[in-house]
Amino acid sequence: MPEASPLLNLAPAPSAPARTTLRAHHQIARFDHSVKNVFVLPGVLIALGIAETGALHWKLHLAIRLGIGLLAAGFVASSNYILNEVLDAPFDRQHPIKCARPVAAGRVSVPLAYVQWLLFMVIGISLAWSINLPFTLCLGWLWVMGLIYNVRPVRSKDLPYVDVLSEAINNPIRMLAGWYIVNPPGQFAPASLLMSYWMVGCYFMAVKRFAEYRQIADPVRAALYRRSFAFYTEPRLLVAIMFYASAAMLFFGAFIMRYRLELVITFPLVALVMAVYLALAFKPDSAAQAPEKLYREPLLMASVCGCCALMAVLLVVDVPVLHKMLMPTAPMNRAHHLHRVAR
C-alpha cells in the first residue's frame, strides 16, 4: 500500500485517477444531506415557548435569523463532509458501494478539496457570527467534532461505541444552535432533552452501523472498510441499539414529566418511528445506510410526519384530564410534594 500522508494519514488517490470535475467537488459537499439541519428546528421551537414573540417585526427578524442560521449550519456541516470524504477515501475503496464516491474514485483534486473544506468553514462561521456569539460557538463546536471524528491521532470513528457517541453528539449541538438562534435571555436548553436528543442520534447511528455491517456480509472486508467493525458483531450492535433506544426514551420521559406532560401521548408514535427505522436495517441496500434517501420509505415518512404533527399540537394544546389521570397516587416525600405544588 502507498505511504500515507504524514499530516492527516491519508493514503494517496489511485495511481490512475479519473479526471477531476467540478461536479465531483460539488458532490463531496453533500448538499443533499442538508436535511439533517432539521435537527436545529426543535431548539428553535422550544426557545420560542420562552421568548416573547408577539411583535410582527420580531417575527420577521426571527425568520431572517433562522434562514441565516440554517445556511451557516449547512456550510459548516458541508465542511465536515468534505473532510470526511477525503480522509475516508482509502477505506471507501473497500466498500462495495462507497468505492464509487468522488474522492475514492479519483475524481477530486485532494489539495483543492482541503481549500474547499476550510473555505466552507470560514463562510459558515462568518454567517454564524452575524447572529450571536453562542450560536457561533455551537457551530465551532460542530466543526471541531468533525476533526475529532475524522482526523488522527483521535479519529473517533475507528473506536467502537465512541464512533457512535462522537457522531451523534452533533444532534444536541444542532439543537443548542437552534436554541441560540432565538437566544432567550438567561435561559439554557433543558439538559434532559439534550441527552434524549443525543441518545436518539446514537440509536440512528447504531442502526446505520448495523445495516452497513449486514450489507458488507464479510467481517474481514468490513474491518478493512471501518476499523470499528473489527470489534462489532451483529449481536453487539443490536444490544447497543437497545441501550440507546432505552436511554433516549428515559431522558425524553424525564423532559416530559418536568416540562410538558401532554407529550406523553406521543409515546406510541415515537416507539413506532423507532421500530420502523430498525426494520429498515434488515432490508437489502437499506436506506438506513443513507439517511438522505429515507424520504423514499413511505411507512417511515408517514409515522414521522404523524408523530411530529401530534407533538406540534400537544406543545400548544393543554389536556387537563391527562394531568388528573397521571397525578401521583402513592405516598410522596413531603418536601418533594411541596416542590411540585410550588411549580
Side-chain angles (χ1 to χ4, degrees), residues 1-2 4 9-11 13-14 18 27-28 30 32-33 35-36 81 84-108 149-150 152 155-168 170 199-246 248 272-301 303:
M1 178 178 292
N9 295 294
L10 171 68
Q27 288 175 331
I28 64 174
R30 299 187 193 174
D32 56 334
H33 286 230
V35 66
K36 294 180 182 178
Y81 291 139
N84 178 269
E85 289 265 355
V86 172
L87 298 185
D88 273 7
F91 306 98
D92 287 343
R93 294 180 193 120
Q94 306 298 326
H95 191 278
I97 297 174
K98 294 182 179 181
C99 60
R101 281 181 168 179
V103 182
R107 294 186 287 114
V108 165
Y149 187 69
N150 289 293
R152 292 177 182 172
R155 193 169 165 84
S156 63
K157 73 183 305 175
D158 290 340
L159 306 175
Y161 303 120
V162 179
D163 61 337
V164 169
L165 291 167
S166 60
E167 170 70 5
N170 292 339
M199 291 298 103
V200 164
C202 289
Y203 169 81
F204 290 136
M205 184 56 59
V207 171
K208 179 182 178 182
R209 292 283 187 270
F210 179 75
E212 287 178 333
Y213 191 86
R214 285 176 54 85
Q215 175 74 23
I216 297 173
D218 180 351
V220 174
R221 189 174 185 186
L224 290 173
Y225 159 64
R226 192 182 293 280
R227 291 186 177 182
S228 60
F229 281 165
F231 172 84
Y232 284 140
T233 61
E234 287 191 26
R236 284 174 175 171
L237 284 166
L238 285 173
V239 169
I241 288 168
M242 184 64 184
F243 172 84
Y244 298 134
S246 301
L272 176 62
V273 170
M274 298 178 80
V276 171
Y277 194 84
L278 179 58
L280 291 179
F282 291 90
K283 292 184 176 181
D285 299 320
S286 170
Q289 298 181 67
E292 68 277 7
K293 298 179 181 178
L294 289 173
Y295 70 91
R296 301 175 183 175
E297 299 292 336
L299 179 58
L300 179 66
M301 289 296 98
S303 55

Does [X] reach the side chain of [Y], with side-chain heavy atoms less than 4.5 Å apart?
| X | Y | answer |
| --- | --- | --- |
| R30 | N84 | yes |
| M301 | Y295 | yes |
| F204 | Y244 | no |
| L278 | Y203 | yes |
| Q215 | E212 | no |

OG on S286 to CZ on F210, rounded to 0.5 Å: 9.5 Å
Residue of the set V164, I241, L237 for which side chain to side chain contact (heavy atoms under 4.5 Å, CB included) holds with V207: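 With V207 as partner, V164, I241, L237 yield a single side chain to side chain contact (heavy atoms under 4.5 Å, CB included), made by I241.
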With distance as the sole test, does R155 use its side chain to make a donor-acceptor pair with the main-chain N or O of N150 at under 3.5 Å? yes
Answer yes or no: is there a donor N or O on one side and an acceptor on the other, between the side chain of Y232 and the main chain of Y213, under 3.5 Å? no
Whether D88 and R226 form a salt bridge (side-chain N of Lys/Arg under 4.0 Å from carboxylate O of Asp/Glu) is what I want to check. no
Between K208 and E167, does at least one N-O distance fall below 4.0 Å, as a salt bridge requires?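 Salt bridge: no.
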Minimal non-hydrogen separation, L294 against A287, with atom names: CD2-O, 3.6 Å
